[in-house]
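Encoded as structure tokens, the structure appears first; notes follow it.
This chain uses plain numbering: 1 for the first residue, then up along the sequence.
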Amino acid sequence: MSFVDYGDTIKDGDTAIVFLGHESMFPVKVQHGSKTQTKYGVIRHSSDLIGKRYGSKVTCSKGGWVFILHPTPELWTMNLPHRTQILYSTDISLITMMLELKPGSIVCESGTGSGSLSHAIIRTVAPTGHLYTVEFHQQRAEKAKEEFQEHKVEHLVTVKNQDVCKNGFGVSNVADAVFLDIPSPWEAIGHAKSALKIEGGRICSFSPCIEQVQRTCLAMEEHGFTEINTLEILLRVYNVRTISLQIPDLGKAAEDNSSTGFDSSNQSNQGGLYGILQQGTAQFKSGVPLKEMVGHTGYLTFATKSLF
């Protein structure tokens with residue numbers, strides 16, 4: 001199992017996603033002889049998981065069943081252990097696009113945090129790219145490095161435990177893109193510029209407060225960055241529901257069978273049309289927004305390193 005290379009079967013030591021439903025799933029490390037308890041009963045790793053194909057439907061001890069899914073960065077974002085606040089797929093998708101990431105890209109990131117964005121970047125730049133990620137907190141850096149090894153992507157990432165505002169990323173003139181998610185990103189703009197390749201490159205800073213954005217933009221201008229712009233993404237989810245609407249009164253033309261395409265000899269049309277006309281309503285599928293909407297998460301500030 002690897003987060004960048006798909007495997008068909010579940011093996012001892014893999015990280016798998018136990019899928020109980022769209023709102024209920026969790027990661028599990030597959031180990032010979034281990035058991036995992038769910039609301040549907042026990043899953044025995046040796047007999048129920050190891051050797052089975054990813055995507056298999058597994059019956060638990062109480063008779064209920066779950067699906068075992070191959071891990072992806074998207075699923076990991078939804079299920080990872082939170083050591084810090086994380087970025088979710090809505091922001092991650094825009095970041096990877098606006099930084100122009102592709103296979104072979106070299107990326108510098110700070111801070112690593114819980115590794116949500118890190119896994120997405122690694123999947124995007126694989127198999128020939130590399131991620132240099134810096135984390136100030138020693139325990140978080142060690143845990144991130146351990147997870148990368150478990151997920152078999154350690155050859156694509158270098159984890160460093162240091163203060164990026166004082167010591168930088170540890171590389172110079174190699175990065176195609178830099179991402180900053182730290183309390184004072186304006187203090188790291190100079191190091192970010194040094195890490196970017198001489199030919200230019202892109203930078204992104206994530207900040208929850210507009211005052212942070214203002215200071216970061218000023219620092220970017222001072223260091224010669226161009227095309228500076230700040231974006232905010234607000235996610236609005238719609239539920240698809242069946243709603244009833246009143247049939248409009250179109251006058252006598254509505255009663256003309258020929259104008260509605262009604263065939264009196266067609267029994268199925270007859271029952272369906274008369275049912276609608278008698279009730280005076282028709283049912284339609286419609287998208288209805290949720291009553292509560294996910295609000296502000298943070299501001300994304302993008303810029304390009306100037307060649308001059």
Side-chain angles (χ1 to χ4, degrees), residues 84-87 91-92 94-102 104-118 120-122 124-125 129-142 144-145 156-232 297-308:
T84 60
Q85 291 291 333
I86 69 169
L87 291 176
D91 288 316
I92 291 173
L94 184 67
I95 291 169
T96 55
M97 183 188 73
M98 294 293 288
L99 290 182
E100 301 175 2
L101 303 186
K102 59 185 180 299
S105 295
I106 306 297
V107 185
C108 291
E109 174 198 27
S110 182
T112 312
S114 301
S116 174
L117 177 64
S118 304
I121 291 176
I122 291 170
T124 303
V125 304
H130 200 84
L131 171 66
Y132 294 91
T133 182
V134 177
E135 173 57 51
F136 175 80
H137 193 274
Q138 182 179 357
Q139 286 74 26
R140 289 201 293 262
E142 292 174 351
K145 188 173 183 178
L156 297 169
V157 57
T158 299
V159 182
K160 295 186 178 182
N161 172 219
Q162 60 190 42
D163 186 350
V164 70
C165 296
K166 294 180 179 180
N167 307 115
F169 293 95
V171 296
S172 299
N173 302 327
V174 298
D176 298 288
V178 171
F179 176 79
L180 298 174
D181 183 6
I182 54 178
S184 53
W186 56 89
E187 296 180 1
I189 298 300
H191 294 296
K193 182 178 181 180
S194 299
L196 287 168
K197 59 187 180 181
I198 298 176
E199 296 82 3
R202 296 278 287 167
I203 183 174
C204 174
S205 174
F206 176 89
S207 297
C209 301
I210 195 63
E211 292 80 7
Q212 294 171 303
V213 174
Q214 292 171 334
R215 297 189 64 176
T216 302
C217 289
L218 290 174
M220 288 178 174
E221 289 181 348
E222 291 175 0
H223 285 86
F225 283 89
T226 61
E227 299 178 335
I228 302 172
N229 61 88
T230 299
L231 307 175
E232 179 186 24
T297 57
Y299 300 102
L300 293 170
T301 301
F302 296 92
T304 303
K305 179 181 177 180
S306 176
L307 298 178
F308 305 100

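- The number of heavy-atom neighbours closer than 6.0 Å to NZ of Lys160, taken from other residues, nucleotides and ligands shown, is above 12.
- Residues forming a side chain to side chain donor-acceptor pair (under 3.5 Å) with Thr226 (at least two apart in sequence, or on another chain): none.
- Nearest approach of Ala192 to Ile203, heavy atoms of both residues: CB-CD1, 3.7 Å.
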**Request:** Might you work through the side chain to side chain contact (heavy atoms under 4.5 Å, CB included) test for Glu221 and Ile228, ending with a clear yes or no?
**Result:** CA-CA 8 Å; Glu221 289 181 348; Ile228 302 172; 3.6 Å; yes
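- Between Met220 and Ala303, the shortest heavy-atom distance links the atoms SD-CB, 3.7 Å.
- Shown here for Trp186 and Arg215, the closest heavy-atom pair between the two residues is NE1-NH2, 3.3 Å.
- Between the side chains of Ser118 and Thr112, no donor-acceptor pair is found at a separation under 3.5 Å.
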**Request:** Could you check Asp176 against Lys197 for salt bridge (charged side-chain N to carboxylate O under 4.0 Å, His left out), going step by step and ending with a plain yes or no?
**Result:** CA-CA 6 Å; Asp176 298 288; Lys197 59 187 180 181; 2.8 Å; yes
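- Between Glu187 atom CD and Thr216 atom OG1 the span is 10.0 Å, to the nearest 0.5 Å.
- Each of Leu180, Asp91, Ile95 was checked for a side-chain contact (heavy atoms from CB on, under 4.5 Å) with Cys204, and the lone residue meeting it is Ile95.
- For Thr230, the side chain to side chain donor-acceptor pair (under 3.5 Å) test picks out Thr301, with sequence neighbours left out.
- Annotation for Tyr299: atom OH counts as buried by contact number, over 12 foreign heavy atoms lying within 6.0 Å.
- In this structure a side-chain-to-backbone donor-acceptor pair under 3.5 Å is present from Gln212 to Pro183.
- If you take OG on Ser114 and CD on Glu135, they are separated by 9.0 Å, rounding to the nearest 0.5 Å.
- No side-chain donor-acceptor contact under 3.5 Å links Thr158 to the backbone of Tyr132.
- Note that CD of Glu227 is 9.0 Å distant from CE of Met98, once rounded to the nearest 0.5 Å.
- Looking at Glu199, its side chain never comes within 3.5 Å of a backbone N or O of Leu307 through a donor-acceptor pair.
- Heavy atoms only, all atoms of each residue included: Gly113 and Thr84 are closest at CA-OG1, 3.5 Å.
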**Request:** Please assess Ile92 against Ser116 for the test side chain to side chain contact (heavy atoms under 4.5 Å, CB included), listing each intermediate value before the final yes or no.
**Result:** CA-CA 9 Å; Ile92 291 173; Ser116 174; 3.6 Å; yes
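- The closest donor-acceptor contact from the side chain of Asp181 to the backbone of Gly111 lies at 3.5 Å or more, if one exists at all.
- Within 6.0 Å of atom CD in Gln214, more than 12 heavy atoms from other residues, nucleotides or ligands are found, so the atom counts as buried in its surroundings.
- A donor-acceptor pair under 3.5 Å is formed between the side chain of Gln162 and the backbone N or O of Gly168.
- Note that the CG atom of Asn229 and the CG atom of Leu300 stand 10.0 Å from one another [nearest 0.5 Å].
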**Item:** Stepwise side chain to side chain contact (heavy atoms under 4.5 Å, CB included) check, Arg202 with Phe302
**Value:** CA-CA 7 Å; Arg202 296 278 287 167; Phe302 296 92; 3.6 Å; yes
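- Considering every non-hydrogen atom in both Ser207 and Val213, the closest pair reads CB-CG2, 4.2 Å.
- With a 4.5 Å cut-off on side-chain heavy atoms, Phe179 and Leu101 do not count as touching.
- To the nearest 0.5 Å, atom CG of residue Leu131 and atom OG of residue Ser105 are 11.0 Å apart.
- With Val107 as reference, Val125 is the one residue of Leu117, Thr96, Val178, Val125 to meet the side-chain contact (heavy atoms from CB on, under 4.5 Å) rule.
- With rounding to the nearest 0.5 angstrom, the NZ atom of Lys193 is 11.0 Å from the CG atom of Asn173.
- Annotation for Ala195 and Phe169: closest pair CB-CD1, 4.0 Å, computed over non-hydrogen atoms.
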